[in-house]
Amino acid sequence: MIGRLNHIAIAVPDLDRAIAQYRDTLGAKVNPPQDEPDHGVTVVFIDLPNTKIELLYPLGDNSPIAGFLERNPAGGIHHMCYEVDDILAARDRLTAAGARVLGDGTPKTGAHGNPVLFLHPKDFNGCLIELEQVPAAS
Ligand code: CO
């Protein structure tokens with residue numbers, strides 16, 4: 001059911017430093033920061049040949065990653081995102097198997113403008129998983 005690894009998200013305590021590190025030290029293609037007020041984060045996508053890295057930095061007062069950075073002050077891997085071609089079918093299959101979807105189960109619009117859902121890390125080996133519905137490649 002799941003398809004490609006769309007991205008790995010890393011929560012960072014210093015966004016400018018992380019951008020400079022990926023751009024200058026690691027030599028990657030770093031895209032401009034995007035504020036995502038609905039998600040409480042500023043996001044920076046980094047294009048790798050086979051996937052993307054998503055740097056996450058808190059935005060606003062109730063950022064969902066503020067607590068994560070308190071527990072992980074140096075930053076850390078926050079989630080990974082797998083592509084699916086039908087997010088509602090994926091949700092129904094996973095909830096029927098006992099997995100918990102975060103929130104009310106309704107997909108939100110993610111940073112790429114596609115529908116996304118998050119799955120409870122306790123149901124997936126301690127790993128927060130994002131599912132993103134990506135239109136089939138043409
Ligand atoms: Co993500």
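Note that the structure is a prediction, hence the values are computed from the model and not measured. Counting begins at 1 with the first residue of the sequence. Atoms within each ligand, like the ligands themselves, are counted from 1 in listed order.
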Which class fits the ring pair Phe68 and His78: parallel under 30°, tilted 30 to 60°, perpendicular over 60°?
-> perpendicular

Below 2.8 Å, any N, O or S contact between Cys81 and the Co ion (ligand 1)?
-> no

Strictly under 2.8 Å, is any N, O or S atom of His7 next to the Co ion (ligand 1)?
-> yes

Measuring from the Co ion (ligand 1), name the closest N, O or S atom belonging to Glu54.
-> OE1

Is the CG atom of Asn125 crowded by more than 12 outside heavy atoms at less than 6.0 Å?
-> no

N, O or S from Glu130 under 2.8 Å to the Co ion (ligand 1) = yes

Residues Asp123, Arg100: salt bridge by 4.0 Å N-O rule | yes

What donor-acceptor contacts under 3.5 angstrom involve side-chain atoms of residues 84-94, with partners at least two apart or in another chain?
residue : atom : partner : partner atom : Å
Asp86   : OD1  : Leu88   : N            : 3.2
Asp86   : OD1  : Ala89   : N            : 3.1
Arg91   : NH1  : Gly105  : O            : 2.9

